Amino acid sequence: HETLADKQYRPKIHFSPSTGFMNDPNGLIFDGRYYHLYYQYNPFGPYAGHVHWGHAVSTDLYTWQDLPIAIRETEAGEAYSGCAVLDRDNRSGLFPPRTQDKPQPGAVETAAQKAAQLFSPLPGDEQERRSVDRQAQDLLHGGRTDTDLLKELGNDPVSREQSPVPMSPALPPMAGGLVAIYTRATPQRQTQYIAWSPDGGQTLKDYEGNPVLDIGHNSFRDPKVLWHAPTEKWVMVVVRSREHKVSFYGSFDLKHWMHLSDFGPSGITGVDYECPALAEVEVEGETPGEKRWVLFVSINPGGPQGGSITQYFVGQFDGERFTPDDTIVDLTDFGKDSYALQTYENMPGNQTVYVAWLDNWQYCEELPNKSWRGIMTIPRKVVLRRDTSGWLRIAQNPYQLEALRRPAIPFALSRLEPQSSRQVALPTGEAVELLLDVSLEDRGSTLPDGDHGRAGRFAVVFSNRQGESLSIGFDGFSCQLWLDRSNLHGFSHPFFTGTFSSALIPGSRRFSLRIVLDACTLEVFANEGMSVGTALVYPANPLETLSLQVTNAAAVIHKVALYPLRQTMDR
Ligand code: FRU
């Protein structure tokens, strides 16, 4: 049954599952019409386990429609994290040849026709395959379907089992289609599987020759595959988790994989490397079209903020080996609730856009909401930008969030005198976006002054009548940003730490903030995305007021705008 907490903390623009437990985003791909979001999913309860692949689709990355479970736990193991690619030309041979692909006598063969002949498609007709599916189901749950199980567990399966989206052919006819590459996991073994979709991603059918990659290992998981055009092959990044190695494999058909190289241990090792991602990312400004490769590696546990975190490396990738440009190790986030990010495959304009799990393994199974658990971040666009020392760092910003803005809440303000504040009421039950561009004026002294900070502090405070508050602020002496969720009383846990900080531009008293607050999620993008903080936030009572406050120095407000955001998720 849905509790008050389940309702109160349910995000309005972020994806969360209707019931059950969700972790990593999987199979992120744009198929020309739909953005797919598959995800690690336990449909049976609000805890990690019995991992299936849940599935939703969207045309804007904010409005998601649930689809039936795409990959199930079977007797071969749980369906751990993985990715999806579009095999347009049926290089895998997984897709049965379409009638129009059958060579006509005397006709010139297309590449697709050749491929279809080279690789024999899965034997057996549809009926046979269905019966194999049923047999697996029987083995797993003693003949009961997931729907039965969900009913027994008191969950409402209807929304999951009825597909609200007609999955009409997404793209101009292709010889192939969508292929998922993922890990089958048992306590003894983790191996890589592939599954192909006969219907644009709605159902995924395991290849009968699985596993396609088995090194006899029990911590070898989370394949992310991309098409490497210069060498005309697929490249897989996958981790040997406990050894802190990212392994690179290459394939021409997704079925046969050749080991190319290894990267690591490098950076922060933590206990396990998980969910690697590799993307060619645009470098802002300077030379148009300049790109560099970024390798993302999630670590859990052992992140510097505690628990789960994602680090990244900037470098070159030649189709075989990743070579970092420098020895810098950086994290994608200064908070502790952004994990296991995956970049979207096939994004329009080759943009790099990712979605991460807005959570942390330290407390994800004990959150106050109980009938559902797990939230995805909003989609974030990544570019590379030089920092003040000239190093290329990632800058991350909300992707096309502007489309959700409703008319701004009037909030005219150009200056705040020292020890003053300005308040505005927050809309009830809506997600909001706050934009700020602020300079702290020089106070003429850097000497300590009580507890107001030496050279001025600026704070954005979300609060309520019950005395709870959530603040994001800037300290003018140290030029650092803080995020403080400790004065919220809806959740306490030894690892649910309260405050986080990030160093902004040394010596600069000007900073910008873009803050998205949606139910129990807070995302802070500072200085056009150079510093990003993601945090779960659990006020016991709704936050009602936004206040901008300054102490010990005057603040010039170059820009302030507060937007309610149109609700996209109706659960
Ligand atoms: C990361 C992770 C992956 C694994 C999945 C299991 O959060 O531990 O390494 O594939 O979750 O759900």
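Counting convention: from 1, in listed order, for ligands and their atoms alike. Since the structure is predicted, the reported quantities are computational estimates derived from the model, not experimental observations. No hydrogens, no waters, no symmetry mates; every other heavy atom, side chains included, goes into these values.
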Of all pairs that satisfy side-chain hydrogen bond (donor to acceptor under 3.5 Å, both in side chains), the ones with a partner from residues 315-328, not counting sequence neighbours: R292-D325
So if I count the atoms of ligand 1 from 1 in the order they appear, which ones are less than 4.0 Å from some heavy atom of D222? 3 (C), 4 (C), 9 (O), 10 (O)
among protein heavy atoms, the one nearest atom 2 (C) of ligand 1 is D24 OD2, 3.4 Å
If hydrogens are left out, which of E274, M22, E78, Q40 has an atom nearest to atom 8 (O) of ligand 1, that is, the closest non-hydrogen atom? E274
Close approach of W361 to ligand 1, heavy atoms, under 4.0 angstrom: yes
Cation-pi check for F491 against R485: NZ or CZ below 6.0 Å from the six-membered ring centre and within 45 degrees of the axis, yes or no? no
Starting at CZ of F44, measure out to OG1 of T19 and round the result to the nearest 0.5 Å. 10.5 Å
Ligand 1 to N23, heavy atom cutoff 4.0 Å, flagged ligand atoms 5 (C), 6 (C), 7 (O), 11 (O), 12 (O)
Please work out which of the three classes, parallel, tilted or perpendicular, describes the rings of F15 and Y39, given edges at 30° and 60°. tilted
Side chain to side chain contact (heavy atoms under 4.5 Å, CB included) partners of S501, counting only residues at least two apart: Q480
